[in-house]
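Atom set for the values below is all heavy atoms of this structure, side chains included, hydrogens, waters and symmetry mates excluded. Start at 1 and go down the list; that is how both ligands and their atoms are numbered.
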Amino acid sequence: MVSRALPPLWSGGNLLDPDERCFGFLRSSNDVLDDAGALRQRVRDDGYLFLPGFLDREDVRSARIAICESLAEEGCFDPNFPIEQAIAREGIDMSFRPDLANASEPLKKLIYCERVMSFYDFFLGGKARHYDFTWMRAISPGNGSDPHCDIVYMGRGTPNVYTAWVPLGDIPLETGGLIILENSHRDDELKNSYGKMDVDTACENSGAQSQTNAHGFPGFGTLSQDAPGLREQMGGRWLTAAEYRMGDFLTFPMFTVHASLDNHSKEIRLSSDSRYQLASEPIDERWVGENPPGHGGKMVKGMIC
Ligand SMILES: O=C(O)CCC(=O)C(=O)O
Ligand SMILES: [Fe+2]
């Protein structure tokens, strides 16, 4: 066992193995930023593109401050600290806050700005568009997100959609940023099983259960609640950044398995995730329009499974 000077890292309450065969760091793709062919090859090779410092740090800070102001008004922070530090008030339990993102002009300006849209135009090789719905995480101390692929939440249009995960603060390991399972994007067995499912599909023959639950997957679209066990089964390493910094940009396709580290700090971890695809390709109706319908309700389809 080779273990490096890493703090203990957990995901979903499970301790990750720090051995270099099990855990590592994301490769930067800034070296190929000006070469669309090389960017595409990198995504085929790595299953993600990590672009440290791609966004303007001050623009990220403005978006962060606006979000922090809303959370401070709600009383989420310990009043003994500056609000920009986002130190959680005792007892706060929070994770998914898309309402904050969708009401935040500075955040939308940041993640749908010219620099981001022209990056996707260049990378995808045509006019890109983004989903109108914006996901946002305000993760209080506690568990991060369980391993999953995004396809099960947004696979009704083209499968060629890219998620952008953007840290809205400097996020050291103990605060819990995104982790990616190396080589998981190449797993055809996963693509042809879990990867064909849709969380808004209810199995008529087994009650109102979602298709993923009917096939034994836990939660809402979760692939596994055991990140170390999933890694043992699928191979590869869990990869993250030694420290995500404001300005970093991480994008990955729909079949890359990802999760996040648990938050063992005192801070609320802020990040957004947004989606981009070619404008010419079909789009998932759940995530577009002035008031995207999202999951559930009329979007649930019945099937025999
Ligand atoms: O930030 C997280 O905890 C999860 C983010 C995620 O699942 C995504 O970006 O698709
Ligand atoms: Fe995700």
Problem - Among Lys298, Lys301, Arg286, the one residue meeting salt bridge (charged side-chain N to carboxylate O under 4.0 Å, His left out) with Asp200 - result: Arg286

Practice task
Compute the angle centred on the Fe ion (ligand 2) spanning NE2 of His148 and OD1 of Asp150, and express it rounded to 10 degrees.
Solution key: 90°

Exercise for the section: Please say whether the positively charged group of Arg115, taken as NZ for Lys or CZ for Arg, lies over the ring of Phe54, i.e. under 6.0 angstrom from the six-membered ring centre and within 45 degrees of the axis. Expected result: yes

Fill in the blank from the handout: In ligand 1, the atoms that come under 4.0 Å of a heavy atom of Ser271 are 1 (O)

Exercise for the section: Have a look at ligand 1 and work out which part of Arg269, if any, has a heavy atom under 4.0 Å from it: side chain, backbone, both or neither. Expected result: side chain

Handout entry: Arg275 NZ/CZ over Trp135 ring centroid, <6.0 Å and within 45° of normal
Key = yes

Problem - Metal check, the Fe ion (ligand 2) vs Asp273 N/O/S, cut-off below 2.8 Å - result: no

Practice task
Answer yes or no for Gly144: is there a heavy-atom contact with ligand 1 below 4.0 Å?
Solution key: no

Practice task
Please determine if the Fe ion (ligand 2) has an N/O/S atom from Cys149 lying under 2.8 Å away.
Solution key: no

Practice task
Kindly indicate, with the supporting measurements, whether the criterion side-chain contact (heavy atoms from CB on, under 4.5 Å) is fulfilled by Ile179 and Leu16.
Solution key: CA-CA 11 Å; Ile179 54 177; Leu16 297 184; 4.3 Å; yes

Exercise for the section: Just let me know how Met136 lines up against ligand 1, side chain, backbone, both or neither, with a heavy-atom cut-off below 4.0 Å. Expected result: neither

Handout entry: Thr163 N/O under 3.5 Å from ligand 1 N/O
Key = no

Exercise for the section: State whether Asp170 and Arg61 are salt-bridged, where the test is any N-O pair (Lys NZ or Arg NE/NH1/NH2 against Asp/Glu carboxylate O) under 4.0 Å. Expected result: no

Handout entry: For atom 5 (C) of ligand 1, the protein heavy atom that lies nearest, with its residue and separation
Key = Leu178 CD1, 3.5 Å

Practice task
Around atom 2 (C) of ligand 1, find the nearest protein heavy atom and jot down its residue, atom name and distance.
Solution key: Ser145 OG, 3.3 Å

Exercise for the section: State whether Glu267 and Arg89 are salt-bridged, where the test is any N-O pair (Lys NZ or Arg NE/NH1/NH2 against Asp/Glu carboxylate O) under 4.0 Å. Expected result: no

Problem - Ser260: numbered ligand 1 atoms lying under 4.0 Å from its heavy atoms - result: 2 (C), 3 (O)

Exercise for the section: For Asp78 and Glu90, indicate whether the former's side chain and the latter's backbone hold a donor-acceptor pair under 3.5 Å. Expected result: no

Handout entry: Pair Arg42 + Asp31: basic N to acidic O under 4.0 Å
Key = yes

Exercise for the section: For Arg275, take its heavy atoms, then give the atoms of ligand 1 lying under 4.0 Å from any of them. Expected result: 8 (C), 9 (O), 10 (O)

